[in-house]
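What follows is a short report on a single structure.
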Amino acid sequence: LSADANETFTIADGTADAARSLYLKITSAGSLTATRTVTLGPNTVSKIWIIENATTWSQSIEISQGSGSTSKLSLMYILLRLVLFATKHKFRLFLSYVSVISVSVFALLIPHFMGKAVDEVVGSGELSELIYLAAIILVISVFRGVAAYGQQYLSESLGQRVAYDIRNAFYDKLQRLSFGFHDYQRSGDLMSRATADVEGVRMFIQGGLVRGLHMILLVIGVGIALLLSNWQLALYSLVFVPFIVLRTGTIMLEMRRNWMAQQTEMGHMTTVLQENLAGQRVVKAFAGEDYERGKFGYRAGEGAKYAFTAE
């Protein structure tokens, strides 16, 4: 997809081969916002085995088969499916959010009492009141450390369990796919999805789904505290927040393209490694070590280039 305009792509009926499966991958050349509709004839495929939406953040794809219902494949839909994996562990997810909220509240209380100590105690010179506030800050810091430990432990545990479920679901799906799908796919790409891609999902569950709430609560809490203290100064301080959020979103889109390219190169590199190890006798028989070493080095270099760019 290269043009930012609404388009409809139709795959004609295949009555002579109605039972074949389909692997559909949709990519875009840039940041596109228009909606594409892919219509599959009722006799084209009996089932869409896998659909990969490799487009940008704002791109959405409409998939329909024959006269049946239409399903939207967007990034938010994919994130929702990942969240559903996390909701299978409701109790652990609940405790994670309790820990996150506790950390945020304690983090906001510490500056409040420190400011009170500076404003009220230092000026009056009463040592007993200063010791009292220092003890309160120390106790809050201890509780904050306990809550932070719980947040780290529970979020990491939740991420590992979700990764375990996704790997099992992925492997189970591979067992039920057609011969045509496995003929089309490279083993290295599938191995990369089961390892690197699932690891990325684990980091999203741990860092985005759980810890993301901590940043949101901090921004809201600090904003409210500033407004209650001095609303004129708060407006001056918060006026730059929308621009920071906008710039962050733009950088995330650029990084996403680089990470997608890096993940693709990781699949190619894993494929080269798998083929080399499987055919090691042939490589040695024809003295192809230097050729194989150069091929693997090229793929590893391409992956490292995109990774450095993304970082």
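All residue numbers in this chain count up from 1 along the given sequence.
When all heavy atoms are compared, the tightest approach of Thr87 to Leu84 is OG1-O, 2.7 Å. The two residues Gln151 and Val103 have their closest heavy-atom pair at OE1-CG2, 3.6 Å. The two residues Phe106 and Ile140 make their nearest non-hydrogen contact at O-CG2, 3.7 Å. Summarising the geometry of Ala86 relative to Leu93, their closest heavy-atom pair is O-CD2, 4.2 Å, with the distance given to 0.1 Å. Nearest approach of Glu289 to Val283, heavy atoms of both residues: N-CG1, 3.9 Å. Closest of all the heavy-atom pairs between Thr195 and Arg167 is O-NH2, 4.0 Å.
In summary, Glu156 and Arg202 engage in a salt bridge, as defined by a charged side-chain N under 4.0 Å from a carboxylate O. A salt bridge is defined here as a Lys NZ or Arg NE, NH1 or NH2 lying under 4.0 Å from an Asp or Glu carboxylate O, and Glu302 with Lys305 meets this definition. Between Asp165 and Arg161 there is no salt bridge, since none of the side-chain N atoms of the basic residue sits less than 4.0 Å from a carboxylate O of the acidic one.
Under the 4.5 Å side-chain heavy-atom criterion for ILVMFWY residues, a single connected hydrophobic cluster contains both Leu154 and Val98. Under a hydrophobic clustering in which Ile, Leu, Val, Met, Phe, Trp and Tyr are joined whenever their side-chain heavy atoms come within less than 4.5 Å, directly or via other members, Val100 and Val83 fall into the same cluster. Criterion: ILVMFWY side-chain heavy atoms under 4.5 Å apart, direct or through other members. Under it, Val146 and Leu109 are not part of a common hydrophobic cluster. The hydrophobic cluster containing Ile101 does not contain Met215, counting ILVMFWY residues as joined when their side-chain heavy atoms lie under 4.5 angstrom apart, directly or transitively. At a threshold of 4.5 Å between side-chain heavy atoms, the hydrophobic network of Ile, Leu, Val, Met, Phe, Trp and Tyr places Val105 and Val142 in two separate groups.
To the nearest 0.5 angstrom, Tyr97 atom OH is 3.5 Å from Leu209 atom CG. If you take CG on Leu95 and OG on Ser155, they are separated by 12.0 Å, rounding to the nearest 0.5 Å. Between Leu158 atom CG and Gln206 atom CD the span is 9.5 Å, to the nearest 0.5 Å. Residue Leu213 holds its CG atom at 6.5 Å from OG of Ser104, rounded to the nearest 0.5 Å. Note that the CG atom of Leu235 and the CG atom of Leu226 stand 10.0 Å from one another [nearest 0.5 Å]. Rounding to the nearest 0.5 Å places NZ of Lys295 at 12.5 Å from NE2 of His268.
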Exercise for the section: Go through Glu292 and Phe296 one step at a time and tell me if the side chain to side chain contact (heavy atoms under 4.5 Å, CB included) criterion holds. Expected result: CA-CA 6 Å; Glu292 293 294 330; Phe296 181 81; over 6 Å; no

Handout entry: Derivation of the side chain to side chain contact (heavy atoms under 4.5 Å, CB included) call for Ile244 and Thr248
Key = CA-CA 6 Å; Ile244 295 175; Thr248 302; 4.1 Å; yes

Practice task
Give the C-alpha distance, both sets of side-chain angles, the deciding distance and a yes or no for side chain to side chain contact (heavy atoms under 4.5 Å, CB included) between Val162 and Ile166.
Solution key: CA-CA 6 Å; Val162 171; Ile166 291 179; 3.8 Å; yes

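Other residues, nucleotides and ligands place no more than 12 heavy atoms under 6.0 Å from the CZ atom of Phe143. For Lys284, the NZ atom is loosely surrounded, since the number of other residues' heavy atoms within 6.0 Å does not exceed 12.
Side chain of Lys88 to main chain of Phe85: no donor-acceptor pair is present (N/O by atom type, distance under 3.5 Å, no hydrogens or angles). No donor-acceptor pair closer than 3.5 Å links the side chain of Ser157 to the backbone N or O of Tyr153.
A 4.5 Å side-chain heavy-atom check between Val198 and Phe170 finds every atom pair outside the cut-off.
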